[in-house]
Amino acid sequence: MGNNSRNISDYTKFIVDLRRHMWMAGIEMELRRLIWQIAVTGKYISAKIHESNRKLAGLRNIHGDEQLALDKSADVILQNQLQYSGFVKAYCSEELDRIVPYEAPSSKYHVTADPLDGSSLVDTNLAIGTIIGIHRDSPLAAEGRKTMVGAMYITYGPLITMVYSAGKGTHEFVLNREGEYVLSEENITLDEKGSIYSLGGLRKDWLPEHLKYVEVLEGEGYKLRYSGGFVPDINQILIKRGGVFTYPGTRKDPKGKLRLIFELQPMAFLAEQAGGMATDGKQDILAIRPESLNHRSPIYIGSRYEVEKAREFLT
Ligand code: AFP
C-alpha cells in the first residue's frame, strides 16, 4: 500500500478509518496526528453534552453545583487535549479573548476553535457542532488562503460525524459503535447549483439588495432549510451536494453576525475544497485579512451558481 496517491475507493472493501484515510492521502504526519487528536476530542465533548443533560439537570449538576456553560466546557476539553499534544503552537477560540501560545517550540500549527457552535440549541435537542481551523501561522498574520492548511467540524446529532479537509478534498466520517471514525463520504463535491437555501438574519432587517437576491432564489423554487445551527446548516448543504447558506449584513449589523476566524474561514476552506465558494457577497472569505479575533463578516457559502448570483446583487 505504498502508493499514497491511489484513489482511496480502491480500498472500499476495507473500512477506511480516519488515520488510514489521511495516511493514504499523503497528509504530513503532524497534521494527521493533530486532526486525529481533535476528532477524538469530539468524543469527549459529545460525552460532556450528554453528561450535562440540560433537560434534566438544568444549569446545575446533580450535586447542585453551577454547571459551566457547555461551550466553555467544550473549550476547556479542547485546550486540555491540545495544550500538551506537541502539535499545537497556539490556540484561540470564541471563548477566549486572546491567542494562547503553548510551550511547544517544535510544533507548527495554530488552531482556531468555535468549541460548541449553536450551544443555545442544546435544550431543543437540535444538532450542534465544533468548528476548527488549522493554520501554519497566526490567523491574524494574513488572509485565510495564505495561513490555512486544514479545517474540520464535528456534528453532534443523531450520529456524530466529522468532516475534514487538509487541502486534498473534503471528506465525511461517522463515529461507529466501536468508537472509530469511518469514512462515509469521500471527496464531497458540490453541484454547480443546488435547491436549498439557509437564510440567517431577520427578513425585516435585510438590505434591499439581499432581499432581491433571496426573491430570485424563491422564484426558482428553493426550499428553506435553516436550523439556527451553523454547523448542521452547512453540513446539510455539503451532504446534499448543493445550495447556499447566508447570514448577510443587515441594517442593524452591517458586518453580519458570524465570526470570520472561528466560523467562516473553516467552512469556507471546506466548501472550496468541495468545489464550492464562500464570499462576503463581494470578495472570497479566504481573501479577507482578519482585523481582529472578533472580526465579523457577512457570508454567502455553497454552490457556485448561488454564491456568484449573490455577487451580482451585492457589488
Ligand atoms: P449560538 O452559538 O449563540 O447558538 O449562535 C449560533 C450561531 O452563531 C450560528 O451557529 C448560527 O448560524 C447563527 O448563530 C444563528 O443566528 P440566529 O439565531 O440569529 O438565526
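For this chain, numbers begin at 1 and follow the sequence in order. Numbering of ligands and ligand atoms starts at 1, following listing order.
In this structure, the ring-ring contact (aromatic ring centres under 6.0 Å, His included) partners of Y222, at least two apart in sequence or on a different chain, are Y197. Under the salt bridge (Lys or Arg N to Asp or Glu O under 4.0 Å) criterion, R241 pairs with E185, not counting sequence neighbours.
The closest protein non-hydrogen atom to atom 5 (O) of ligand 1 is K257 NZ, 3.8 Å. When only non-hydrogen protein atoms are considered, atom 15 (C) of ligand 1 lies nearest to Y226 OH, 3.2 Å. Closest to atom 19 (O) of ligand 1, if we only count protein heavy atoms, is Y247 OH, 2.7 Å. In terms of protein heavy-atom proximity, atom 6 (C) of ligand 1 is nearest to G228 O, 3.7 Å. Remark: minimum distance from atom 3 (O) of ligand 1 to any protein heavy atom is reached at S120 OG, 4.0 Å. Counting protein heavy atoms only, atom 2 (O) of ligand 1 is closest to G118 N, 3.0 Å.
Heavy-atom distances between S119 and ligand 1 reach below 4.0 Å in at least one pair. At least one heavy atom of E263 sits less than 4.0 Å from an atom of ligand 1. Using a 4.0 angstrom heavy-atom cutoff, L258 counts as in contact with ligand 1. A heavy-atom separation below 4.0 Å is found between D117 and ligand 1.
Residues H171 and Y164 bring their aromatic ring centres within 6.0 Å. Taking the six-membered ring wherever Trp is involved, the centroid distance between the rings of Y213 and Y300 falls below 6.0 Å.
Comment: E51 engages K48 in a salt bridge, judged by a side-chain N to carboxylate O separation of less than 4.0 angstrom. Of the charged side-chain nitrogens involved, none lies within less than 4.0 Å of a carboxylate oxygen, so that K309 and E306 do not count as a salt-bridged pair.
Side-chain contact between F313 and E215 is absent, with no heavy atoms from C-beta onward closer than 4.5 Å. Residues L264 and I288 form no side-chain contact, since every pair of their non-hydrogen atoms from C-beta on lies 4.5 Å or further apart.
Polar contact check, L116 against ligand 1: no nitrogen or oxygen pair lies under 3.5 Å apart. Polar contact check, F230 against ligand 1: a nitrogen or oxygen pair lies under 3.5 Å apart.
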